[in-house]
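Taking it in order: structure first as structure tokens, then the write-up.
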Amino acid sequence: MKGISVKKNEDFSQWYTELIQKAELADIRYNVRGLVPYRAWASITIRKMYRVYEETLERKGHLPLIMPTLIPERNFRLEAKHVEGFSPGVFWVTHGGDKELEEKLALRPTSETALYQMYSLWIRSYNDLPFKRYVSGQVFRYEGADTRAFFRAREFHWIESHDVFATEEEARQQVIEDMETTYEMLQDEFAIPIIFFQRPEWDKFPGAVHTYAADALMDSGKVLQLPSTHLLGQNFSIPFDVKFIDENNEEQYGYITCYGPAISRIYGAMIALLGDDNGLVLPWDMAPIQVVIIPIYSSGTKEEVLVKARELETTLKKYMKETIIKLDDRDYVSPGEKFNEWELKGVPLRIEIGPKDIQNEQVVAVNRISGKKERVKLVDLKNYASSYASNFTKELKEKYSVQFETQVQLAQTVDEVKKAIGENKIVCSGFCSIDLDGEPCAEIIEKEVKAFVRGKRVDSEKHKFEKCVVCGKPAKETIYIARSY
RNA sequence: GGUAGGAUGGUCUAGCUUGGUAAGAUUUUUGCUUCGGGAGUAAAGGAUCCAGGGUUCAAAUCCCUGUCCUGCCA
């Protein structure tokens, strides 16, 4: 069968695997575990995602850098918590040809330790600040066996921006800007609903002062960690000697922030969340092909229909210069099969044209989200198509924009947490602390409920609790607990 | 990490128990008839049976090692 054989909400795992294979997104048969070739259809979208993200970062004052993939071990060891956090996940290059290297080289799992070494050379005075740069590329992490295409891989594709400021206040502002950027990209461009949490101390980026991470709200109450932004403070600038001369001619250490949207993972979230039983659904601007025209003819009407269909293609292309339009005139594939194929691949707008339409000077337009068919007069088609294009992503966004509050259930005891998680809810509870002294309580939640403390909301919080849901001590924080992918 | 399965034309699967000519569907190519929601028909093409070793007159099949994949549990 060419289509997906299961319903998304009945067997998500099977659905996702089939989607990836049948829509030709990736091929998991590459013979190194956790490394996955992305096929053309996914690669086109991923490059579009990079482009829109990079343009946004540049508009906000970041400049691009291209950095080496290998990092010497000694850089790696400079920040103690960073080493401790990342060491188990590093691929090491130990040989050059047959010769053992004098110093091992890490395949970058993230680029702090490559960049800041150079930042200490590039940043001289307060006139150089703020210093905002980003890197696009692959990073490598030796994950466990539990890999899944796009969601969790041993090599993944991301952007990381690393910014240096003269004051902690400016750095904090940058973290806020990063969160705004995330909303603009994930919600507005990619139609993925998210919410930001300040992560608890025990779940921070290794070496950070604070970590703020977006959780995507997937259906069925599970969340998926998407971009995170970290206030590194001076934790890295001191060991890496990133300092500048201030107005008073005194040396100061910079305040650093870093932000890492993992494009490949966001892609995974996008296809998993927006897709339906027929296959992929993509936001208008992210689709490799946005409009497909399907001619419908019998042997007597073939020539006439094809001529009209080509005319239609030319007119639309002239009118919608930015839009990628394809005329599917393969005559060895039946119309029905074309319908299914392009739905599987998530083309937002399908236009059918057959003899009856030509008689009535119209076409049939089919919406990928609703599946609804609409007759559109040829004279109205230009307007129809451009308003369709500008509404499509909005429609998609509305369809999946879950009211966060409606997924949330309050809980006062561990049993209530367990019950609510079992009902696919995100749980809101009181918690003794999100500093390290709260970790034992979090471990109990992990063990008993098999869900994780995601942290406290970054935007406003209206719920207040007296006691910690686990230990019963006074609750310092209101936190959220959820299952994650 | 534990555990249970699996790997056979491009794809999906049968064959393995009981060793003996690798089979089917689909895909691909070609012809004819078709085409408004996964077309029909005829022919052709397509395999180091995951890799390496062992047992045997003979191995896809039995044994050992490795690699990769999948499910479940932690």
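The structure displayed is predicted, hence computed values, not measured ones. Sequence lines set the chain letters: A, B, ... in the order given, protein chains first and strands last, and positions in each chain run from 1.
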> Is there any ring-ring contact (aromatic ring centres under 6.0 Å, His included) pair reaching into residues 298-341 of chain A, and which pairs are they, with sequence neighbours excluded?
Replying inline: none
> Does any pair with a residue in residues 278-301 of chain A pass salt bridge (charged side-chain N to carboxylate O under 4.0 Å, His left out), and if so which ones, sequence neighbours excluded?
Replying inline: none
> Looking at A:S334, does any N or O in its side chain come under 4.0 Å of the phosphate oxygens OP1/OP2 on B:C35?
Replying inline: no
> How would nucleotides 26-32 of chain B be written as a contact map, 5' to 3', with B for base contact, S for sugar-phosphate-only contact and - for no contact, using protein heavy atoms under 4.0 Å?
Replying inline: -------
>> Using side-chain heavy atoms (C-beta onward) and a distance below 4.5 Å, is A:T110 in contact with A:E160?
In response: yes
> Does any donor-acceptor pair link the side chain of A:E343 with the base of B:G37 at a separation under 3.5 Å?
Replying inline: yes
> Between A:F150 and A:Y38, does the ring centroid distance fall short of 6.0 Å?
Replying inline: yes
>> Partner lookup for B:C49, please. Criteria are Watson-Crick or G-U wobble with both distances under 3.5 angstrom; report none if nothing qualifies.
In response: none
Every protein N/O within reach of nucleotides 5-14 of chain B N/O, cut-off under 3.5 Å:
unit_1	atom_1	unit_2	atom_2	d
B:U11	OP1	A:R29	NH1	2.3

What protein N or O atoms touch nucleotides 72-74 of chain B N or O atoms at under 3.5 angstrom, if any, and at what distances?
unit_1	atom_1	unit_2	atom_2	d
B:A74	OP1	A:K450	NZ	3.3

> Does anything in residues 349-361 of chain A pair up under side-chain hydrogen bond (donor to acceptor under 3.5 Å, both in side chains), and if so which pairs, sequence neighbours excluded?
Replying inline: A:E343-A:R350, A:R350-A:E352, A:D357-A:Q362
> Hey, does A:K356 reach any base, or is it just sugar-phosphate, or nothing, if we go heavy atoms under 4.0 Å?
Replying inline: base
>> Assess whether a salt bridge exists between A:D203 and A:R454, defined as any Lys/Arg side-chain N lying under 4.0 Å from an Asp/Glu carboxylate O.
In response: no
